[in-house]
Student: 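The structure is given below, and queries will be raised subsequently.
Please read all numbers here as calculations on a predicted model, not as lab measurements.
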Amino acid sequence: MKNFFLVTIISILVGICSIFLLPIDLLQVDISTLTNQLLNYTNFNTYFATQPSEDISSSSTSSSNPAIIITTPTANMSVPRLIRKIFLATEQAEGAGARVRRSIGTPQLRNFSPFLMLDHFTIRPGSGFPDHPHRGQETITYLLSGGVDHEDFAGNKGTIEAGDLQFMTAGRGIMHAEMPRQNPDGSANVGLQLWVDLPKELKSCEPRYRDLKAQEIPTVKTDEGRVKIKVISGKSHGVDSVKDLAYTPVWILDVEVKPGGKVVQEVPEGWNAFAYTLEGTAIFSSGKDGEKRTVEQFHNVVFEPQGEAVYAEVDAGAEKPARFVLVAGTPLDQKVVQYGPFVLNSQEEVYQAFVDYQTHSNGFERAQGWRSEIGKSMRH
């Protein structure tokens with residue numbers, strides 16, 4: 001009976017693979033098992049995605065002092081990065097009652113190596129992401145407001161609040177839940193979640209968590225205080241982030257530019273880079289005298305891999321500052337095959353992930369019978 005069940009699952013997956021391969025989908029699921037998703041849940045866009053990564057020094061560590069550092073721009077002109085495309089992240093339902101604006105992991109931008117997905121999420125009371133598995137990737141969660149609890153089958157528990165980050169490496173397998181705090185004023189919990197691919201040789205590593213608290217993040221002010229940059233990971237204007245928290249080298253900078261402010265932010269040559277606009281209206285350009293593009297809230301700006309720096313500014317007459325996250329990462333030369341929360345390098349490895357999850361083996365042993373405490377509110 002057990003063998004028949006496994007064969008049935010694999011047969012279903014093979015059938016799915018014969019369908020046109022679509023872009024990757026979200027991490028979280030809103031029912032207890034992936035099998036039930038396959039057989040019963042018709043509204044969840046879970047599917048295989050397989051394609052080569054789009055061709056478009058790890059972060060150093062030094063200062064542990066997160067104090068604000070004032071810098072002045074240098075006279076040197078960095079080679080600007082051209083803009084490849086700009087597009088709106090449209091809102092959609094996800095998980096159990098949550099709303100997300102997804103930009104990476106859509107037909108507009110898929111497998112922008114090493115990035116698999118970017119969601120700007122809003123989780124209101126009564127919604128969330130109950131128990132679900134992962135394998136083969138890292139997730140980076142940056143909370144903008146509110147609080148989010150997490151719990152996994154290894155007994156790890158924690159909470160991140162506004163300005164905090166959580167770096168989770170799924171590795172060979174993890175099952176966890178991410179649920180919002182119930183804010184006294186009933187407000188939503190808002191943040192970003194970025195999926196980063198793991199190098200092939202690290203796909204089977206042990207899962208782990210690393211938290212980064214808001215007060216640990218160094219902040220740079222430049223352009224006479226009109227620009228403020230939180231150096232979450234990477235380097236900005238000579239200031240290094242506190243520590244490396246992801247296996248795959250990634251820079252993450254939270255940039256706020258006041259009206260009349262300008263910033264030239266260097267990024268490693270050849271790395272893929274994008275900016276996601278959180279607030280206000282920013283102007284991105286291809287250099288001092290290059291083409292300028294006005295970008296409003298909730299858009300993704302994708303840059304060409306050639307060039308040394310991203311140029312951005314805010315019109316002096318703007319009513320409010322602009323805020324965006326600038327993210328860059330080293331491309332991985334490997335195939336991406338994903339089905340929902342499993343991200344591997346071949347279809348056979350994804351089949352095996354389903355078998356391992358269903359049989360509670362090869363990394364998913366502790367999933368058998370496990371139910372999170374924080375996910376109880378979503379169970380009926």
Side-chain angles (χ1 to χ4, degrees), residues 57-74 78 81 104 112-116 118 137-144 148 158 160-169 191-199 202 208-223 225 227-257 263-278 301 303 305 307-312 323-332:
S57 130
S58 99
S59 311
S60 57
T61 60
S62 60
S63 172
S64 59
N65 182 0
I68 293 177
I69 299 167
I70 308 296
T71 69
T72 56
T74 62
S78 299
R81 286 207 175 200
I104 301 177
F112 186 50
S113 182
F115 309 116
L116 301 164
L118 176 67
Q137 80 277 62
E138 295 186 284
T139 65
I140 301 173
T141 305
Y142 182 24
L143 201 62
L144 303 174
V148 172
I160 56 173
E161 298 178 336
D164 297 343
L165 292 98
Q166 181 191 86
F167 294 69
M168 185 197 77
T169 303
L192 298 173
Q193 186 165 91
L194 177 70
W195 279 28
V196 182
D197 200 11
L198 277 171
L202 292 175
R208 67 173 188 173
Y209 291 90
R210 287 85 63 222
D211 287 346
L212 180 64
K213 298 301 182 181
Q215 61 268 25
E216 298 178 274
I217 301 172
T219 300
V220 176
K221 281 192 174 181
T222 186
D223 193 17
V227 176
K228 183 173 72 172
I229 304 170
K230 294 181 181 180
V231 190
I232 295 168
S233 179
K235 185 176 181 179
S236 180
H237 296 77
V239 176
D240 289 354
S241 59
V242 175
K243 50 191 173 183
D244 294 324
L245 295 166
Y247 280 126
T248 303
V250 173
W251 282 21
I252 304 173
L253 306 169
D254 183 341
V255 183
E256 182 181 70
V257 185
V263 61
V264 178
Q265 173 60 51
E266 294 189 354
V267 291
E269 181 92 27
W271 282 25
N272 282 333
F274 67 89
Y276 179 77
T277 53
L278 289 168
V301 183
F303 300 98
E308 301 170 340
V310 168
Y311 286 65
R323 183 184 179 190
F324 59 88
V325 288
L326 178 61
V327 183
T330 181
L332 300 176

Student: List the atom of Asp223, the atom of Val227, and the distance in Å for their closest heavy-atom pair.
Tutor: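 Result for this residue pair: CB-CG2, 4.0 Å.
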
Student: Restricting to non-hydrogen atoms, name the atom on Val250 and the atom on Ser233 that form the minimum distance, rounded to 0.1 Å.
Tutor: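 Taking every non-hydrogen atom into account, O-OG, 2.6 Å.
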
Student: Mind listing the closest non-hydrogen atom pair of Ser78 and Ala309 along with its distance?
Tutor: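 Heavy atoms of Ser78 and Ala309 come nearest at CB-CB, 3.6 Å.
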
Student: Who passes side-chain contact (heavy atoms from CB on, under 4.5 Å) against Val310, sequence neighbours left out?
Tutor: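 Val310 satisfies side-chain contact (heavy atoms from CB on, under 4.5 Å) with Phe284, Phe303, Leu326 only.
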
Student: Under the side-chain hydrogen bond (donor to acceptor under 3.5 Å, both in side chains) rule, collect the residues that match up with Asp164, sequence neighbours excluded.
Tutor: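 Expected list: none.
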
Student: Tell me every residue that passes side-chain hydrogen bond (donor to acceptor under 3.5 Å, both in side chains) with Thr169, counting only those two or more places apart in sequence or in another chain.
Tutor: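 By the side-chain hydrogen bond (donor to acceptor under 3.5 Å, both in side chains) rule, Thr169 matches Glu138, Arg210.
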
Student: Closest approach of Leu165 and Ile160, non-hydrogen atoms and distance?
Tutor: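 Nearest heavy atoms, Leu165 then Ile160: O-CG2, 4.0 Å.
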
Student: What closest approach, in Å, do Leu245 and Arg208 show between heavy atoms, and which atom pair accounts for it?
Tutor: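 What the structure gives for the nearest pair is O-NH2, 3.9 Å.
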
Student: Enter the distance from Met168:CE to Gln137:CD here, rounded to the nearest 0.5 Å.
Tutor: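 Here the interatomic distance stands at 6.0 Å.
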
Student: Tell me, please, which residues at least two apart from Leu194 pass side-chain contact (heavy atoms from CB on, under 4.5 Å).
Tutor: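 By the side-chain contact (heavy atoms from CB on, under 4.5 Å) rule, Leu194 matches Phe115, Leu118, Ile140, Val196, Phe274, Val327.
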
Student: Do the side chains of Val231 and His237 get nearer than 4.5 Å, heavy atoms only?
Tutor: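 When only atoms from C-beta onward are counted, Val231 and His237 do not touch, as no gap falls below 4.5 Å.
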
Student: Under the side-chain hydrogen bond (donor to acceptor under 3.5 Å, both in side chains) test, which residues partner Tyr247, sequence neighbours left out?
Tutor: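 In terms of side-chain hydrogen bond (donor to acceptor under 3.5 Å, both in side chains), with neighbours along the sequence ignored, Tyr247 is linked to no residue.
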
Student: Nearest 0.5 Å, please: how far is CD1 in Ile229 from CD in Gln265?
Tutor: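 It is 5.0 Å, given to the nearest 0.5 Å.
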
Student: For Ile232 and Asp254: C-alpha separation, side-chain torsions, deciding distance, then whether side-chain contact (heavy atoms from CB on, under 4.5 Å) applies.
Tutor: CA-CA 7 Å; Ile232 295 168; Asp254 183 341; 4.3 Å; yes

Student: Please identify each residue that fulfils side-chain hydrogen bond (donor to acceptor under 3.5 Å, both in side chains) with Thr141, with sequence neighbours left out.
Tutor: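 With sequence neighbours excluded, Thr141 shows a side-chain hydrogen bond (donor to acceptor under 3.5 Å, both in side chains) to Gln193, given in chain and number order.
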
Student: Please check if the side chain of Asp197 supplies one atom and the backbone of Pro114 the other of a donor-acceptor pair under 3.5 Å.
Tutor: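 Judged by distance alone, no pair lies under 3.5 Å.
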
Student: Just wondering, do Phe324 and Leu278 contact through their side chains at under 4.5 Å, heavy atoms?
Tutor: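 Not in contact.
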
Student: About how many Å separate CD1 of Ile104 and CG of Leu116, when rounded to the nearest 0.5 Å?
Tutor: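 These two atoms lie 9.0 Å from each other.
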
Student: Determine the minimum heavy-atom distance between Arg81 and Gly307, stating which atoms define it.
Tutor: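 Closest approach of Arg81 to Gly307, heavy atoms only: NE-O, 3.4 Å.
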
Student: Suppose we screen for ring pair (Phe, Tyr, Trp, His ring centres under 6.0 Å). Which residues come up paired with Tyr209, at least two apart in sequence or across chains?
Tutor: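 Tyr209 satisfies ring pair (Phe, Tyr, Trp, His ring centres under 6.0 Å) with His150 once adjacent residues are dropped.
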
